[in-house]
Amino acid sequence: MSLLSDLINLDLSDSTEKIIAEYIWVGGSGMDIRSKGRTLSGPVSDPSKLPKWNYDGSSTGQAPGEDSEVILYPQAIFKDPFRRGNNILVICDTYTPAGEPIPTNKRCKAAKIFSHPDVVAEVPWFGLEQEYTLLQKDVKWPLGWPIGGYPGPQGPYYCGAGVDKAFGRDIVDAHYKACLYAGINISGINGEVMPGQWEFQVGPSVGISSGDELWAARYILERITEVAGVVLSFDPKPIQGDWNGAGAHTNYSTKSMRNEGGYEVIKKAIEKLGLRHREHIAAYGEGNERRLTGRHETADINTFKWGVANRGASIRVGRDTEKEGKGYFEDRRPASNMDPYVVTSMIAETTILWKP
(Lines give C-alpha, C1' and ligand atoms only; values in the text may rest on other atoms or scores of the structure.)
Protein backbone atom coordinates (compact mmCIF):
# COMPACT_ATOMS: atom_id res chain seq x y z
CA MET A 1 0.00 0.00 0.00
CA SER A 2 1.31 3.44 -0.94
CA LEU A 3 2.12 5.91 1.79
CA LEU A 4 0.53 9.35 1.59
CA SER A 5 3.98 10.85 1.02
CA ASP A 6 4.53 8.48 -1.93
CA LEU A 7 1.35 9.73 -3.60
CA ILE A 8 2.14 13.37 -2.89
CA ASN A 9 5.53 12.90 -4.54
CA LEU A 10 4.26 11.08 -7.64
CA ASP A 11 6.05 12.16 -10.81
CA LEU A 12 3.19 12.93 -13.20
CA SER A 13 5.50 12.99 -16.23
CA ASP A 14 5.70 9.19 -16.02
CA SER A 15 2.07 8.85 -17.06
CA THR A 16 0.73 12.14 -18.50
CA GLU A 17 1.72 15.45 -20.11
CA LYS A 18 -0.86 17.23 -17.96
CA ILE A 19 0.33 19.60 -15.25
CA ILE A 20 -1.16 21.27 -12.19
CA ALA A 21 -1.22 25.07 -12.01
CA GLU A 22 -1.80 26.60 -8.57
CA TYR A 23 -3.46 30.02 -9.08
CA ILE A 24 -2.53 32.43 -6.25
CA TRP A 25 -4.13 35.75 -5.36
CA VAL A 26 -4.42 38.27 -2.51
CA GLY A 27 -7.69 38.12 -0.56
CA GLY A 28 -9.89 40.79 0.93
CA SER A 29 -7.76 41.70 3.95
CA GLY A 30 -4.84 42.57 1.72
CA MET A 31 -2.64 40.04 3.51
CA ASP A 32 -4.53 36.74 3.23
CA ILE A 33 -3.06 34.67 0.42
CA ARG A 34 -5.55 32.42 -1.37
CA SER A 35 -4.97 29.72 -3.97
CA LYS A 36 -6.60 26.88 -5.88
CA GLY A 37 -5.31 24.39 -8.40
CA ARG A 38 -6.38 23.36 -11.90
CA THR A 39 -5.25 20.85 -14.49
CA LEU A 40 -3.71 22.05 -17.75
CA SER A 41 -3.09 19.96 -20.86
CA GLY A 42 0.67 20.55 -20.87
CA PRO A 43 3.57 22.73 -19.67
CA VAL A 44 3.17 26.52 -19.86
CA SER A 45 5.92 29.13 -19.41
CA ASP A 46 4.15 32.30 -20.60
CA PRO A 47 1.41 33.70 -18.28
CA SER A 48 -0.42 35.18 -21.28
CA LYS A 49 -0.98 31.63 -22.52
CA LEU A 50 -2.76 30.62 -19.33
CA PRO A 51 -6.57 30.71 -19.10
CA LYS A 52 -8.30 33.22 -16.87
CA TRP A 53 -10.24 31.68 -14.01
CA ASN A 54 -12.77 32.77 -11.40
CA TYR A 55 -13.61 32.32 -7.74
CA ASP A 56 -16.27 33.18 -5.18
CA GLY A 57 -15.36 36.68 -4.04
CA SER A 58 -18.07 36.69 -1.38
CA SER A 59 -16.03 34.09 0.51
CA THR A 60 -12.86 36.21 0.48
CA GLY A 61 -14.41 39.59 1.36
CA GLN A 62 -14.06 40.85 -2.21
CA ALA A 63 -17.58 40.70 -3.66
CA PRO A 64 -21.24 40.61 -2.52
CA GLY A 65 -23.06 37.28 -2.46
CA GLU A 66 -25.52 38.31 -5.15
CA ASP A 67 -22.69 39.14 -7.60
CA SER A 68 -19.80 37.11 -6.28
CA GLU A 69 -17.72 36.18 -9.32
CA VAL A 70 -14.19 37.58 -9.42
CA ILE A 71 -11.91 36.87 -12.38
CA LEU A 72 -8.26 35.83 -12.00
CA TYR A 73 -5.79 37.18 -14.57
CA PRO A 74 -2.51 35.20 -14.61
CA GLN A 75 0.49 37.55 -14.38
CA ALA A 76 3.62 35.62 -13.37
CA ILE A 77 4.72 31.97 -13.34
CA PHE A 78 7.05 30.20 -10.92
CA LYS A 79 8.04 26.55 -10.64
CA ASP A 80 6.09 24.68 -7.97
CA PRO A 81 8.49 23.44 -5.25
CA PHE A 82 5.77 21.33 -3.64
CA ARG A 83 4.53 19.35 -6.67
CA ARG A 84 7.74 19.83 -8.67
CA GLY A 85 8.07 18.50 -12.22
CA ASN A 86 6.43 20.82 -14.78
CA ASN A 87 3.82 22.00 -12.26
CA ILE A 88 3.64 25.74 -11.64
CA LEU A 89 2.61 28.48 -9.24
CA VAL A 90 0.74 31.35 -10.91
CA ILE A 91 0.55 34.85 -9.39
CA CYS A 92 -2.75 36.44 -10.42
CA ASP A 93 -4.53 39.73 -9.94
CA THR A 94 -8.27 40.21 -9.64
CA TYR A 95 -10.99 41.80 -11.79
CA THR A 96 -14.74 42.09 -12.16
CA PRO A 97 -16.36 40.14 -15.01
CA ALA A 98 -16.45 43.49 -16.89
CA GLY A 99 -12.65 43.70 -16.70
CA GLU A 100 -12.34 46.37 -14.01
CA PRO A 101 -9.75 45.81 -11.26
CA ILE A 102 -11.46 45.20 -7.92
CA PRO A 103 -10.51 47.57 -5.03
CA THR A 104 -8.08 45.10 -3.44
CA ASN A 105 -6.19 44.63 -6.72
CA LYS A 106 -3.10 46.74 -6.03
CA ARG A 107 -1.05 45.20 -8.83
CA CYS A 108 -3.01 46.84 -11.66
CA LYS A 109 -2.21 50.43 -10.59
CA ALA A 110 1.40 49.48 -9.86
CA ALA A 111 1.79 47.96 -13.35
CA LYS A 112 0.59 51.23 -14.90
CA ILE A 113 3.19 53.20 -12.96
CA PHE A 114 5.97 50.77 -13.86
CA SER A 115 4.99 50.85 -17.54
CA HIS A 116 5.23 54.67 -17.71
CA PRO A 117 8.02 55.53 -20.19
CA ASP A 118 9.87 57.71 -17.68
CA VAL A 119 9.87 54.89 -15.13
CA VAL A 120 10.84 52.24 -17.69
CA ALA A 121 13.80 54.40 -18.76
CA GLU A 122 15.09 54.52 -15.17
CA VAL A 123 15.03 50.70 -14.74
CA PRO A 124 14.05 50.83 -11.03
CA TRP A 125 15.66 48.12 -8.91
CA PHE A 126 14.18 46.97 -5.61
CA GLY A 127 15.57 44.79 -2.86
CA LEU A 128 12.88 43.87 -0.33
CA GLU A 129 13.76 42.72 3.21
CA GLN A 130 10.81 40.71 4.52
CA GLU A 131 10.80 40.22 8.28
CA TYR A 132 8.36 37.77 9.86
CA THR A 133 7.69 35.98 13.16
CA LEU A 134 7.06 32.28 13.71
CA LEU A 135 4.43 31.51 16.35
CA GLN A 136 3.52 28.36 18.26
CA LYS A 137 0.25 27.13 16.76
CA ASP A 138 -2.03 26.75 19.78
CA VAL A 139 -0.90 29.69 21.90
CA LYS A 140 0.15 32.25 19.22
CA TRP A 141 3.37 32.92 21.13
CA PRO A 142 6.77 33.16 19.40
CA LEU A 143 8.55 29.93 18.55
CA GLY A 144 11.16 29.05 21.18
CA TRP A 145 9.64 31.27 23.86
CA PRO A 146 8.41 29.69 27.13
CA ILE A 147 4.61 29.64 27.09
CA GLY A 148 3.37 32.67 29.00
CA GLY A 149 6.94 33.80 29.62
CA TYR A 150 9.87 35.51 27.97
CA PRO A 151 13.35 34.50 26.82
CA GLY A 152 16.51 36.37 27.75
CA PRO A 153 16.77 39.96 26.45
CA GLN A 154 17.68 40.78 22.86
CA GLY A 155 21.33 40.57 21.94
CA PRO A 156 22.39 36.99 21.19
CA TYR A 157 19.66 36.16 18.66
CA TYR A 158 20.46 38.35 15.63
CA CYS A 159 22.22 36.06 13.12
CA GLY A 160 22.72 33.69 16.05
CA ALA A 161 23.34 29.95 16.06
CA GLY A 162 22.46 27.37 18.68
CA VAL A 163 19.40 25.67 20.14
CA ASP A 164 18.87 28.50 22.63
CA LYS A 165 19.20 31.29 20.06
CA ALA A 166 17.81 30.19 16.67
CA PHE A 167 14.24 28.90 16.59
CA GLY A 168 12.78 27.57 13.33
CA ARG A 169 15.88 27.36 11.16
CA ASP A 170 14.54 24.24 9.38
CA ILE A 171 11.56 26.28 8.16
CA VAL A 172 13.83 29.14 7.08
CA ASP A 173 16.20 26.92 5.11
CA ALA A 174 13.35 24.95 3.53
CA HIS A 175 11.85 28.26 2.39
CA TYR A 176 15.19 29.54 1.07
CA LYS A 177 15.72 26.46 -1.12
CA ALA A 178 12.07 26.32 -2.22
CA CYS A 179 12.26 29.93 -3.43
CA LEU A 180 15.47 29.27 -5.36
CA TYR A 181 13.83 26.21 -6.93
CA ALA A 182 10.76 28.28 -7.86
CA GLY A 183 12.86 30.86 -9.70
CA ILE A 184 12.34 33.63 -7.17
CA ASN A 185 15.30 36.01 -6.91
CA ILE A 186 15.76 35.40 -3.18
CA SER A 187 19.13 36.82 -2.18
CA GLY A 188 19.55 35.83 1.46
CA ILE A 189 18.14 35.02 4.91
CA ASN A 190 19.09 35.80 8.51
CA GLY A 191 17.87 35.46 12.07
CA GLU A 192 16.51 38.72 13.46
CA VAL A 193 16.96 40.66 16.70
CA MET A 194 13.85 39.26 18.41
CA PRO A 195 14.01 35.48 18.95
CA GLY A 196 11.57 33.61 16.72
CA GLN A 197 11.80 36.36 14.11
CA TRP A 198 13.55 35.91 10.76
CA GLU A 199 14.11 37.76 7.50
CA PHE A 200 14.49 36.88 3.86
CA GLN A 201 15.47 39.23 1.05
CA VAL A 202 14.12 39.32 -2.50
CA GLY A 203 15.95 41.20 -5.24
CA PRO A 204 17.37 43.11 -6.84
CA SER A 205 14.29 42.86 -9.03
CA VAL A 206 13.09 45.31 -11.65
CA GLY A 207 9.74 47.09 -11.37
CA ILE A 208 6.57 45.03 -11.00
CA SER A 209 8.51 41.76 -10.76
CA SER A 210 9.64 42.64 -7.22
CA GLY A 211 6.02 42.55 -6.03
CA ASP A 212 5.28 39.31 -7.91
CA GLU A 213 8.34 37.64 -6.41
CA LEU A 214 7.64 38.78 -2.84
CA TRP A 215 4.03 37.57 -2.96
CA ALA A 216 5.19 34.23 -4.38
CA ALA A 217 7.80 33.95 -1.61
CA ARG A 218 5.18 34.78 1.03
CA TYR A 219 2.88 32.11 -0.38
CA ILE A 220 5.63 29.48 -0.29
CA LEU A 221 6.44 30.43 3.31
CA GLU A 222 2.76 30.11 4.28
CA ARG A 223 2.70 26.63 2.75
CA ILE A 224 5.89 25.54 4.53
CA THR A 225 4.69 26.77 7.93
CA GLU A 226 1.40 24.97 7.25
CA VAL A 227 3.33 21.71 6.86
CA ALA A 228 5.46 22.47 9.93
CA GLY A 229 2.44 23.24 12.12
CA VAL A 230 3.67 26.76 12.87
CA VAL A 231 1.79 30.05 12.49
CA LEU A 232 3.33 32.73 10.26
CA SER A 233 2.87 36.33 11.41
CA PHE A 234 3.56 39.51 9.48
CA ASP A 235 2.40 41.71 12.38
CA PRO A 236 4.72 44.74 12.57
CA LYS A 237 4.89 44.55 16.38
CA PRO A 238 3.91 41.02 17.45
CA ILE A 239 5.17 41.42 21.03
CA GLN A 240 4.81 44.68 22.93
CA GLY A 241 7.63 45.93 25.10
CA ASP A 242 11.40 45.94 24.64
CA TRP A 243 11.34 43.77 21.53
CA ASN A 244 12.07 44.73 17.94
CA GLY A 245 9.16 44.98 15.52
CA ALA A 246 9.01 43.50 12.02
CA GLY A 247 9.50 45.61 8.93
CA ALA A 248 9.96 45.32 5.19
CA HIS A 249 12.87 47.64 4.49
CA THR A 250 12.83 48.57 0.81
CA ASN A 251 16.12 49.14 -0.99
CA TYR A 252 15.80 51.19 -4.15
CA SER A 253 17.82 52.63 -6.99
CA THR A 254 17.27 53.99 -10.47
CA LYS A 255 19.61 54.03 -13.45
CA SER A 256 20.45 57.67 -12.72
CA MET A 257 21.30 56.81 -9.10
CA ARG A 258 23.55 53.94 -10.18
CA ASN A 259 25.45 56.10 -12.69
CA GLU A 260 28.17 58.67 -12.02
CA GLY A 261 26.75 61.62 -10.09
CA GLY A 262 24.01 59.41 -8.71
CA TYR A 263 24.43 60.60 -5.12
CA GLU A 264 22.92 63.98 -6.01
CA VAL A 265 19.98 62.19 -7.64
CA ILE A 266 19.57 60.12 -4.46
CA LYS A 267 19.48 63.23 -2.27
CA LYS A 268 16.84 64.85 -4.49
CA ALA A 269 14.76 61.66 -4.39
CA ILE A 270 14.97 61.53 -0.58
CA GLU A 271 13.88 65.18 -0.40
CA LYS A 272 10.77 64.32 -2.45
CA LEU A 273 10.03 61.34 -0.21
CA GLY A 274 10.19 63.64 2.80
CA LEU A 275 7.64 65.99 1.26
CA ARG A 276 5.20 63.07 0.87
CA HIS A 277 6.01 61.40 4.19
CA ARG A 278 2.41 61.27 5.44
CA GLU A 279 1.08 59.76 2.20
CA HIS A 280 3.76 57.08 2.24
CA ILE A 281 3.24 56.22 5.90
CA ALA A 282 -0.51 55.83 5.25
CA ALA A 283 0.28 53.23 2.57
CA TYR A 284 3.14 51.41 4.30
CA GLY A 285 1.19 48.85 6.34
CA GLU A 286 -1.40 48.58 9.13
CA GLY A 287 -0.31 48.85 12.74
CA ASN A 288 2.96 50.52 11.78
CA GLU A 289 2.49 53.12 14.53
CA ARG A 290 3.20 50.33 17.05
CA ARG A 291 6.57 49.73 15.36
CA LEU A 292 7.78 53.21 14.30
CA THR A 293 8.32 54.63 17.79
CA GLY A 294 11.82 56.03 17.50
CA ARG A 295 13.16 52.99 19.36
CA HIS A 296 14.33 49.55 18.23
CA GLU A 297 16.08 50.77 15.07
CA THR A 298 13.21 52.94 13.81
CA ALA A 299 12.44 56.62 13.32
CA ASP A 300 9.29 58.01 14.92
CA ILE A 301 6.29 57.66 12.61
CA ASN A 302 5.65 61.42 12.60
CA THR A 303 9.25 62.36 11.85
CA PHE A 304 11.12 62.13 8.55
CA LYS A 305 14.90 62.08 8.63
CA TRP A 306 17.66 60.46 6.66
CA GLY A 307 21.29 59.68 7.31
CA VAL A 308 24.30 57.66 6.25
CA ALA A 309 24.50 54.27 7.99
CA ASN A 310 21.77 55.42 10.43
CA ARG A 311 19.36 52.62 11.30
CA GLY A 312 17.31 55.03 13.39
CA ALA A 313 16.43 57.08 10.30
CA SER A 314 13.46 56.93 7.93
CA ILE A 315 15.85 56.59 4.98
CA ARG A 316 19.31 55.06 5.32
CA VAL A 317 22.10 55.61 2.80
CA GLY A 318 24.96 53.13 2.89
CA ARG A 319 28.57 54.10 3.48
CA ASP A 320 29.55 52.60 0.11
CA THR A 321 27.00 54.75 -1.70
CA GLU A 322 28.31 57.91 -0.03
CA LYS A 323 31.91 56.94 -0.76
CA GLU A 324 31.35 55.99 -4.40
CA GLY A 325 28.99 58.89 -5.11
CA LYS A 326 26.34 56.57 -6.55
CA GLY A 327 24.27 53.53 -5.60
CA TYR A 328 21.01 53.05 -3.69
CA PHE A 329 19.15 53.91 -0.50
CA GLU A 330 16.94 52.04 1.95
CA ASP A 331 13.43 53.14 2.96
CA ARG A 332 13.11 51.73 6.49
CA ARG A 333 9.51 52.80 7.05
CA PRO A 334 7.44 49.98 5.43
CA ALA A 335 5.93 47.47 7.86
CA SER A 336 6.26 43.72 7.46
CA ASN A 337 2.61 43.53 6.33
CA MET A 338 3.01 46.10 3.56
CA ASP A 339 1.80 45.38 0.03
CA PRO A 340 4.92 45.33 -2.17
CA TYR A 341 2.94 46.48 -5.21
CA VAL A 342 1.85 49.60 -3.32
CA VAL A 343 5.20 50.40 -1.71
CA THR A 344 7.45 49.85 -4.73
CA SER A 345 5.21 51.71 -7.18
CA MET A 346 4.69 54.59 -4.76
CA ILE A 347 8.44 55.03 -4.29
CA ALA A 348 8.92 55.00 -8.07
CA GLU A 349 6.04 57.43 -8.59
CA THR A 350 7.24 59.90 -5.96
CA THR A 351 10.92 59.85 -6.99
CA ILE A 352 10.51 59.72 -10.77
CA LEU A 353 7.07 61.07 -11.79
CA TRP A 354 5.93 63.38 -8.99
CA LYS A 355 6.61 67.08 -9.40
CA PRO A 356 6.59 69.01 -6.07
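The analysis underlying the following values was restricted to heavy atoms, covering all of them including side chains, and did not include hydrogens, waters or symmetry mates.
Side-chain rings of Trp25 and Trp53 stay apart, their centers remaining 6.0 Å or farther from each other.
Cluster membership check: Met338 does not share its hydrophobic cluster with Ile301, using side-chain heavy-atom separations under 4.5 Å among Ile, Leu, Val, Met, Phe, Trp and Tyr. Cluster annotation: Tyr219 and Tyr181 are assigned to distinct hydrophobic clusters (Ile/Leu/Val/Met/Phe/Trp/Tyr, side-chain heavy-atom contacts under 4.5 Å, transitive). In terms of hydrophobic clustering, with Ile, Leu, Val, Met, Phe, Trp and Tyr side chains grouped at heavy-atom distances under 4.5 Å, Tyr341 and Leu221 are assigned to a common cluster. There is no path of hydrophobic side-chain contacts, each under 4.5 Å, that joins Phe234 to Ile239. Under a hydrophobic clustering in which Ile, Leu, Val, Met, Phe, Trp and Tyr are joined whenever their side-chain heavy atoms come within less than 4.5 Å, directly or via other members, Ile91 and Phe126 fall into the same cluster.
Residues Thr344 and Leu128 have side chains in contact (heavy-atom distance under 4.5 Å, counting atoms from C-beta outward). When side chains are defined from C-beta on, Gln240 counts as touching Arg290, because their heavy atoms get closer than 4.5 Å. Using a 4.5 Å cut-off on side-chain heavy atoms (C-beta onward), Ile270 and Phe304 make contact. When side chains are defined from C-beta on, Glu297 does not count as touching His249, because their heavy atoms never get closer than 4.5 Å. Annotation: side chain of Thr133 is not in contact with side chain of Asp235 (no heavy-atom distance under 4.5 Å). For the pair Arg316 and Phe329, the minimum side-chain heavy-atom distance is 4.5 Å or more. Looking only at side-chain heavy atoms (C-beta outward), Val342 and Tyr284 stay at 4.5 Å or farther from each other. The closest side-chain heavy-atom distance from Thr351 to Tyr252 is below 4.5 Å.
Remark: the backbone N or O of Arg291 is not paired with any side-chain donor or acceptor of Lys237 at under 3.5 angstrom. Lys106 places no side-chain N or O within donor-acceptor distance of the main-chain N or O of Asp339, the cut-off being under 3.5 Å.
Judged by distance alone, the side chains of Asn244 and Tyr158 never bring a donor and an acceptor atom under 3.5 Å apart. Side chain to side chain, Gln75 and Asp93 meet the donor-acceptor criterion of an N or O pair below 3.5 Å. Counting only N and O atoms by type, the side chains of Glu17 and Asn86 include no donor and acceptor under 3.5 Å apart. No side-chain N or O of His277 forms a donor-acceptor pair with one of Ser314 less than 3.5 Å apart.
Ring-plane geometry between Tyr150 and Trp141 is classed as perpendicular, the angle between the planes exceeding 60 degrees on a 0 to 90 degree scale with a lower cut at 30.
Between Ile266 atom CD1 and Arg258 atom CZ the span is 10.0 Å, to the nearest 0.5 Å. Atom CD of Gln136 is separated from atom CD1 of Ile147 by 5.0 Å, given to the nearest 0.5 angstrom. Here Arg83 contributes atom CZ and Asp11 contributes atom CG; the two are 14.0 Å apart, rounded to the nearest 0.5 Å. Rounding to the nearest 0.5 angstrom, the gap separating the OG1 atom in Thr254 from the CH2 atom in Trp125 is 10.5 Å. Distance CG/Leu3 to CG/Asn9: 10.5 Å, rounded to 0.5 Å.
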Practice task
Please assess Ile113 against Ile352 for the test side chain to side chain contact (heavy atoms under 4.5 Å, CB included), listing each intermediate value before the final yes or no.
Solution key: CA-CA 10 Å; Ile113 291 171; Ile352 300 171; over 6 Å; no
Practice task
Give the C-alpha distance, both sets of side-chain angles, the deciding distance and a yes or no for salt bridge (charged side-chain N to carboxylate O under 4.0 Å, His left out) between Arg107 and Asp212.
Solution key: CA-CA 9 Å; Arg107 189 187 190 281; Asp212 291 338; 2.9 Å; yes
Exercise for the section: Decide yes or no on salt bridge (charged side-chain N to carboxylate O under 4.0 Å, His left out) for Lys268 and Glu271, but give the supporting numbers first. Expected result: CA-CA 5 Å; Lys268 288 176 183 175; Glu271 182 181 352; over 6 Å; no
Table please: side-chain donor-acceptor pairs of residues 165-173 below 3.5 Å, with sequence neighbours left out.
{"residue": "Arg169", "atom": "NH2", "partner": "Gly160", "partner atom": "O", "Å": "2.8"}

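By the side-chain hydrogen bond (donor to acceptor under 3.5 Å, both in side chains) test, Lys79 is found to be paired with no residue, residues two or more places apart in sequence or in another chain being considered.
A cation-pi contact links Lys52 to Tyr73, judged by a cut-off of 6.0 Å to the six-membered ring centre and 45° from its axis. A cation-pi geometry, defined here as NZ or CZ lying under 6.0 Å from the six-membered ring centre and within 45° of its normal, does not hold between Arg34 and Tyr55.
More than 12 heavy-atom neighbours from other residues, nucleotides or ligands sit within 6.0 angstrom of CZ on Arg38. Annotation: Lys109, atom NZ; neighbour count of heavy atoms from other residues, nucleotides and ligands within 6.0 Å does not exceed 12.
Of the charged side-chain nitrogens involved, at least one lies within less than 4.0 Å of a carboxylate oxygen, so that Asp242 and Arg295 count as a salt-bridged pair.
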